[in-house]
Each structure stands twice: as structure tokens, then as C-alpha cells.
There are 2 protein chains.
Amino acid sequence: MKFIKWMIVMCVVFSAKSNAQNFSNLKTYNEPLVLESVGSFYVGGNSEQQTRVQIGGFFPDGNITVNQTYVSYMVPYMRQSNLSVVMIHGMNLSGKTYETTPSGTMGWNEYFVRKGFPVYIIDQVGVGRSGFNQKTYNDVKGRNQSPENQPSIIRISDENTSVNFRFTTFDGKQVENGKFPLVYFSEFSKQSIPFMSGAVPRPNPTHKNLAELAKELKNTVLISHSQSGSFPLDAALIDMSGIKAMVLLEPGGTGNQYTKEQLEKIKNIPLLVVYGDHLKNDTGVSGHSWNNYYEGWRNFVGKFNELGGNAKMIHLKDIGIKGNSHMLMMDVNNQEIANLIIDWVNQIK
Amino acid sequence: MKFIKWMIVMCVVFSAKSNAQNFSNLKTYNEPLVLESVGSFYVGGNSEQQTRVQIGGFFPDGNITVNQTYVSYMVPYMRQSNLSVVMIHGMNLSGKTYETTPSGTMGWNEYFVRKGFPVYIIDQVGVGRSGFNQKTYNDVKGRNQSPENQPSIIRISDENTSVNFRFTTFDGKQVENGKFPLVYFSEFSKQSIPFMSGAVPRPNPTHKNLAELAKELKNTVLISHSQSGSFPLDAALIDMSGIKAMVLLEPGGTGNQYTKEQLEKIKNIPLLVVYGDHLKNDTGVSGHSWNNYYEGWRNFVGKFNELGGNAKMIHLKDIGIKGNSHMLMMDVNNQEIANLIIDWVNQIK
């Protein structure tokens with residue numbers, strides 16, 4: 001009943017057209033941005049032989065590359081740190097997460113660069129410019145596979161996002177002290193794109209690609225978010241040589257998939273976990289609960305430290321920072337959150 | 001027979017692993033890059049109500065945004081022009097086309113910024129960070145649609161690309177005077193990602209989005225490539241108010257879809273068409289022929305000028321620039337090609 005009421009309210013809230021662009025809202029800052037370099041590249045990927053049907057029917061069979069990870073980067077002209085920062089987005093999003101915010105203000109990519117860190121942003125395998133392995137979809141079209149075998153292409157509706165990401169309560173009102181700029185919700189909706197997670201092999205090649213990237217960059221801080229929450233740990237378990245610290249922003253899951261032996265292996269990498277406010281404001285859809293995730297990772301942090309690790313949990317509302325949504329990097333106080341992370345990073349040796 | 005021999009040769013050529021990353025090849029330049037601003041946003045997009053099945057089955061039905069176009073930008077601190085440049089990629093590629101080249105050298109985005117132009121790069125609707133409308137795929141999985149109705153997801157094999165894009169001849173050897181850095185072919189292969197063109201509505205929303213973008217930017221040069229060749233014209237036919245010039249790099253098709261009335265409407269926008277070398281080096285797959293396209297657009301340029309337009313065709317080999325591939329912006333002489341375009345742009349009033 002509560003759910004049905006919520007659906008009706010949300011239909012009204014989001015019936016507004018979402019085609020207004022935020023071009024005129026894009027902010028420019030007084031200080032120029034001075035870069036040593038800017039660019040992009042791919043890390044990882046492997047060649048795979050596929051049939052004509054599997055590559056879409058227009059061209060003959062042959063090799064294509066799959067499982068590569070797109071990386072864009074900016075390196076400041078005046079580095080203030082020997083650490084590089086890698087930013088990893090969550091479900092149904094892309095590297096865009098860390099670029100210009102929905103309200104047109106500076107994204108964390110630019111903010112961290114202005115603070116002197118080289119910044120690398122990825123698209124996960126299965127979304128955006130990293131692409132995905134499309135063969136099963138085309139095999140289904142060609143009747144070489146049953147439709148049931150086709151991996152779902154996942155999207156999240158605006159109605160679900162608004163509550164699930166704690167922008168609004170079930171009745172469509174902004175959460176108390178809400179920090180997400182709700183008036184620009186339609187701009188956030190545009191960032192939400194199809195996620196082909198079901199077409200991504202296990203283990204997820206993004207883990208290996210992140211480990212490789214970190215190894216190339218050397219002293220790297222991996223920052224993950226939501227569905228990618230545990231990726232820094234997964235990367236470290238493959239090769240921790242390039243990973244200097246791990247920052248998990250509102251990680252999904254609970255971290256209880258790791259064995260004691262695994263935690264022993266990676267416990268010397270400092271770990272920071274950050275959660276926003278209103279964790280019980282949730283749709284409960286698909287068994288989802290931010291509060292459960294928070295409790296799980298709080299427990300994880302405890303175990304990590306018991307083993308001699310250096311892990312810290314920041315629940316923002318406990319230190320007086322209220323109203324933050326799931327999208328910490330887009331909230332109106334996103335620079336305040338970034339500064340907390342930078343302060344923590346700077347104090348690890 | 002020729003085709004079978006080519007397939008065998010190509011299988012040998014491309015059997016090498018393609019997982020080497022070009023990280024160590026990334027070039028840094030002596031002069032810092034000084035930007036007024038950097039960032040990204042979406043243009044266009046509309047809300048669409050979809051069922052639970054259509055959005056992948058994990059979340060309840062609701063509204064999602066489709067048909068939005070991702071745009072990333074860099075604005076130089078010292079503008080040298082009142083024109084902005086918009087770069088549009090071709091089939092199976094993304095905005096990455098204009099970023100760091102496969103050999104790790106400066107992409108055209110940075111080069112044009114260093115020449116004083118604000119640069120805007122898009123991902124077409126149907127690929128990359130712009131996403132695509134996934135509902136039919138999920139409806140097929142849910143048996144609400146027949147598999148035959150599922151749009152193909154298109155990829156191009158390395159073997160086909162190498163000849164089709166005129167990097168190599170049929171026998172796997174680099175073309176004469178070849179300008180594409182063949183040793184980095186595997187890096188180019190990673191840029192080739194699934195293209196959901198069959199899921200893109202007609203007319204293509206990218207046309208309208210480009211017209212809107214140009215209108216916001218005001219004096220805009222639209223640069224298109226290959227499959228997007230005619231997009232600047234399509235955008236101009238919707239709203240030409242922001243379009244100051246059109247540059248078509250190796251456009252596909254022949255341009256003969258436009259009526260005289262349509263050409264009359266847009267003839268006052270200066271037009272430049274550029275083709276590389278070895279246009280007869282082609283696989284012939286799917287009726288494809290660069291030479292036919294070249295002849296078609298040469299004819300188009302003639303018609304445009306007969307109506308009083310200002311159109312120019314540059315066939316690079318005719319002005320002594322030999323060996324250029326289909327990927328002009330990645331060839332080793334890509335700055336020479338960029339300079340030709342910049343010189344042409346600067347002489348239009």
C-alpha cells in the first residue's frame with residue numbers, strides 16, 4: 001500500500017519533461033586550471049573470436065576486443081602529492097559521476113586536480129566507453145540461444161532512484177537537510193544509462209584492470225562507490241603493489257564475502273568507508289537496504305582493525321554533516337566531503 | 001577466393017594478444033595546458049515510462065531518460081577564436097576517437113584547444129556514455145517480443161577494420177605511405193565498442209541534440225566522421241542558427257538523400273569535406289566503398305556550389321599528402337590534417 005502510494009506520488013513528481021539542459025548553469029571558476037597532461041587510454045582487454053551473427057550480422061566473423069576498461073585522466077601542472085587518485089563509479093552510471101555535477105558545479109575530478117592530485121576516472125566493463133560483450137544478445141536474435149539466456153540490461157527508474165538514493169522520502173518531499181540539488185534531478189536522470197552487468201564475466205575483469213592500472217600509476221588511491229564498493233579490495237587481492245589506500249563511498253553489500261586469510265593479505269592498505277545520512281530512507285526493492293550495508297561495512301572495519309589494519313568508518317551525520325545523499329560527489333557540500341577524504345589521504349604515510 | 005585468403009592472413013596477423021596497454025607510451029608535452037574550464041553535461045533526452053521487464057526486471061516500472069547526448073568539453077584560458085568546435089565520432093566508436101591517439105600522442109581535442117578553440121566532444125545516442133533505449137532487448141528476454149525484432153548490436157572485427165579503414169591491404173601489409181600507426185592497432189581495437197544503432201529512433205535524436213548544442217554555443221563548427229558524416233547537415237536542417245561551418249571527415253553515404261530545397265536552406269553554411277588516401281583499398285563488405293562515397297560527396301560539393309554555396313573538397317593525396325587512413329585524427333600526421341581544417345575555418349568570415 002505504502003509502495004503503491006509512493007508510485008503515484010512519483011509519477012506526478014517526474015511527469016515534468018526532463019529535456020532541459022543545464023548548459024546555462026555550467027560554472028566557470030576564476031582560477032585557470034593548469035594541467036601537465038590530459039587524455040585517455042584503455043587498460044586490459046582481450047581478443048575474442050566471434051561469428052558473423054555474434055558481431056551483429058553486417059560484417060564477417062573475426063576477432064574483437066572485449067573486457068577493456070576506458071580511463072580518462074588529468075594531471076595537474078603543480079602536483080601536490082605523490083599519490084594518484086582513481087575514481088570508480090557505481091551501477092547504471094559511468095565516469096561522468098565524477099565530472100561536472102547535475103547542478104553544473106565542479107566535479108570531483110577537477111576538484112582533486114586543483115588540490116594537486118593526478119586523477120584517473122574509469123568506465124566499468126559493461127557500461128559507457130568500456131563497452132560490453134554483445135555476443136549473447138546477437139545469438140538470441142539469431143536463435144542460437146534461448147531468450148532466457150540473454151543477460152538483463154538494467155536500468156533504475158527515476159521514481160526508484162529518488163528514494164533509493166535518498167534524495168526524497170516516499171511522499172516525494174526532499175529529505176530533511178537534503179544536500180542533493182533536487183531541482184537538477186532531471187540532469188542526474190540523464191547520467192543513468194543501461195548497465196550490462198549480466199554480460200560481464202566472473203571474476204569481473206574491471207578488478208584485474210584496476211590492479212594493472214594501479215601498478216602502472218604506482219602510489220594509487222582507489223575510490224569506489226556503491227555497486228563498485230568492494231572493487232578496491234578485489235583489485236588488491238589480485239595485485240596490491242600499486243595500491244596505497246582504498247576509499248569506499250557508500251559501498252553496497254556488506255563485505256562479508258572476504259575470508260580472514262584474504263583480509264590478512266590486504267590489511268596493510270589503509271581503508272576509509274564513508275556513508276551519508278538517512279540510511280533508513282529506502283525503497284526496500286530487491287532486498288536493498290543502505291542501513292544493512294552500513295552495518296555490514298562497520299563490522300568489516302572492526303574486523304580489519306582487529307587484524308592490525310588501519311580502517312576508518314565515517315558516518316557523516318555522526319560528525320555533524322547532515323542530509324547527504326547516496327551521491328556524495330554531487331551533493332551541494334561535495335567539496336566538504338572531498339576535503340574529508342583528502343585530509344585522510346594526506347595523513348596516511 | 002580473395003576474401004577467404006584475406007581472412008586467413010588476418011587471423012594470423014591478429015592472433016597476437018591485444019592486452020598490452022599503451023600507458024607507458026602516453027606522451028606529455030612541454031607546455032602546460034591552461035584551461036578556463038573543463039567538464040561535461042548532457043544535451044537533449046526525454047522521459048519514457050517503461051515496465052519492470054523493460055528496465056531489466058530488478059526494479060519497479062517507472063520513468064527513465066532516453067535519447068540524451070553526452071558532451072565533454074575543454075575551454076582554453078586564452079581563446080583565439082569566437083568559434084567553438086564540436087567533434088562527432090563514427091560507427092562503433094565514441095568520443096574517445098578525438099582524445100589521446102592509439103599511439104599515445106595528443107588527440108585532436110587537446111590540439112584544437114591548444115590552438116585556442118573551445119572543444120566539445122559527444123557520444124552519439126546509441127553508444128558510450130549516451131546510452132541507448134534497452135527496452136526491446138529486455139522485452140525479448142521476457143518473451144514479450146520475438147527475437148527477430150531485437151536490434152542487432154553491431155561490432156566490426158579487427159580483420160575487417162584493418163582493410164576497411166585502410167590501415168593494411170588484403171594481404172595484411174601496411175598500405176603504401178601508410179600513416180596509421182599499425183603497431184598500435186590493438187589500442188585502436190579497444191576503442192571499438194558495441195553500437196546499438198538499431199535501437200536509435202528515426203529521425204536520429206543526435207541530430208536535434210547537435211542543433212540544440214550549437215544553438216547554445218552560438219558560433220559552432222560541427223566536425224563529423226564516417227557514419228556521422230551527414231549529421232552536421234541534418235542538424236542544420238533542424239536549426240542552423242548556431243552552426244557557422246561544417247567539416248565532414250570521410251563521410252559515409254553519398255549525400256544524395258538531400259533535396260534541392262534542403263540544400264537551398266543550408267547552402268550559406270560553409271562546408272569542407274576531407275578524404276584520405278587509398279580509397280579503393282576496401283573489403284567491399286555490405287556494399288561498402290570509400291571510393292563511391294568520395295565520388296558521391298564530390299558530386300554533392302559541386303551541387304552545393306552551383307546553388308551558390310561555399311563548399312570545398314580536399315582529397316589529401318591530390319595535394320601531396322599520401323597514405324592517410326580512414327582515421328585521419330589518429331594518423332601520425334594528424335596535426336598536419338588538423339592544421340588544414342583550422343586554416344580553412346580561420347578563412348571563413
Side-chain angles (χ1 to χ4, degrees), chain A residues 14 17-19 21-23 26 28 32-47 55-60 62-65 68 77 94 96 99-100 110 128-129 131-132 134 137-138 140-141 143 147 150 152-160 189-190 193-194 216 285-286, chain B residues 14 17-19 21-23 26 28 32-47 55-60 62-65 68 77 94 96 99-100 110 128-129 131-132 134 137-138 140-141 143 147 150 152-160 189-190 193-194 216 285-286:
Chain A
F14 295 107
K17 281 204 303 175
S18 69
N19 62 353
Q21 62 176 278
N22 71 348
F23 189 85
L26 296 171
T28 296
L33 180 67
V34 186
L35 301 177
E36 181 191 280
S37 61
V38 67
S40 64
F41 57 93
Y42 284 86
V43 60
N46 57 276
S47 226
I55 64 170
F58 288 96
F59 299 102
N63 285 287
I64 59 168
T65 301
Q68 68 274 36
Y77 194 67
S94 70
K96 167 63 179 152
E99 296 176 348
T100 312
E110 181 177 352
R129 291 178 174 178
F132 62 101
Q134 81 305 325
Y137 300 93
N138 288 328
V140 168
K141 179 182 173 68
R143 293 200 177 271
Q150 180 160 291
S152 295
I153 302 179
I154 301 175
R155 305 216 44 175
I156 311 177
S157 72
D158 294 340
E159 293 85 342
N160 196 71
S189 176
K190 295 176 192 179
I193 57 175
E216 293 277 2
V285 167
S286 295
Chain B
F14 296 107
K17 281 204 304 175
S18 69
N19 62 354
Q21 62 176 275
N22 71 347
F23 190 85
L26 296 172
T28 296
L33 180 67
V34 186
L35 301 177
E36 181 192 279
S37 61
V38 66
S40 64
F41 57 93
Y42 283 86
V43 60
N46 56 278
S47 228
I55 64 170
F58 288 96
F59 299 102
N63 284 288
I64 59 168
T65 301
Q68 68 274 36
Y77 194 67
S94 70
K96 166 63 178 154
E99 298 176 347
T100 312
E110 181 178 352
R129 292 177 173 177
F132 62 100
Q134 81 304 324
Y137 300 93
N138 287 328
V140 168
K141 179 182 173 69
R143 293 199 177 272
Q150 181 160 291
S152 295
I153 302 179
I154 302 175
R155 305 215 46 173
I156 311 178
S157 72
D158 294 342
E159 294 86 340
N160 196 71
S189 176
K190 295 177 192 177
I193 57 175
E216 293 277 2
V285 167
S286 296

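Quick note on labels: first sequence line is chain A, next is B, and so on, each numbered from 1.
- Looking at B:Phe59 and A:Ile154, their side chains come closer than 4.5 Å, going by heavy atoms from C-beta outward.
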- Intermediate values then yes/no, side chain to side chain contact (heavy atoms under 4.5 Å, CB included), B:Ser47 and A:Asp158: CA-CA 9 Å; B:Ser47 228; A:Asp158 294 340; 4.1 Å; yes

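- Listed by chain and residue number, B:Glu99, B:Asp123 satisfy the salt bridge (charged side-chain N to carboxylate O under 4.0 Å, His left out) test with A:Arg129 (two or more places apart in sequence, or in another chain).
- Between the B:Arg155 side chain and the A:Thr65 main chain, a donor and an acceptor come within less than 3.5 Å of each other.
- Atom-to-atom distance recorded for B:Glu159:CD and A:Ile64:CD1 is 10.5 Å, nearest 0.5 angstrom.
- Using a 4.5 Å cut-off between heavy atoms, B:Tyr77 touches chain A through its side chain atoms alone.
- Comparing A:Gly131, A:Gly57, A:Pro194, A:Ser94 by heavy-atom pairs within less than 4.5 Å of chain B, the highest count is held by A:Pro194.
- If you run side chain to side chain contact (heavy atoms under 4.5 Å, CB included) between A:Leu35 and each of B:Val38, B:Leu33, B:Val34, only B:Leu33 comes through.
- Of the listed residues (B:Asn138, B:Val140, B:Ile153), the one with the most heavy-atom contacts under 4.5 Å to chain A is B:Ile153.
- A search for side-chain contact (heavy atoms from CB on, under 4.5 Å) contacts involving B:Lys141 returns A:Gln150, A:Ser152, not counting sequence neighbours.
- Annotation: side chain of A:Pro60 is in contact with side chain of B:Asn160 (closest heavy-atom distance under 4.5 Å).
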- Full working for side chain to side chain contact (heavy atoms under 4.5 Å, CB included) between A:Ile193 and B:Gln68: CA-CA 10 Å; A:Ile193 57 175; B:Gln68 68 274 36; 4.1 Å; yes

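- Inter-residue side-chain proximity for A:Tyr42 and B:Lys96 is flagged as met; some heavy-atom pair is nearer than 4.5 Å.
- Classified by interplanar angle (parallel below 30°, tilted 30° to 60°, perpendicular above 60°), the ring pair B:Phe132/A:Phe132 is parallel.
- Under a 3.5 Å cut-off, the side chain of B:Thr100 and the backbone N or O of A:Ser40 do form a donor-acceptor pair.
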- Run the side chain to side chain contact (heavy atoms under 4.5 Å, CB included) check on B:Ser157 and A:Asn63 step by step: do they pass? CA-CA 5 Å; B:Ser157 72; A:Asn63 285 287; 5.8 Å; no

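- Only the side chain of B:Glu110 comes within contact range of chain A, with at least one heavy atom under 4.5 Å from a heavy atom of that chain.
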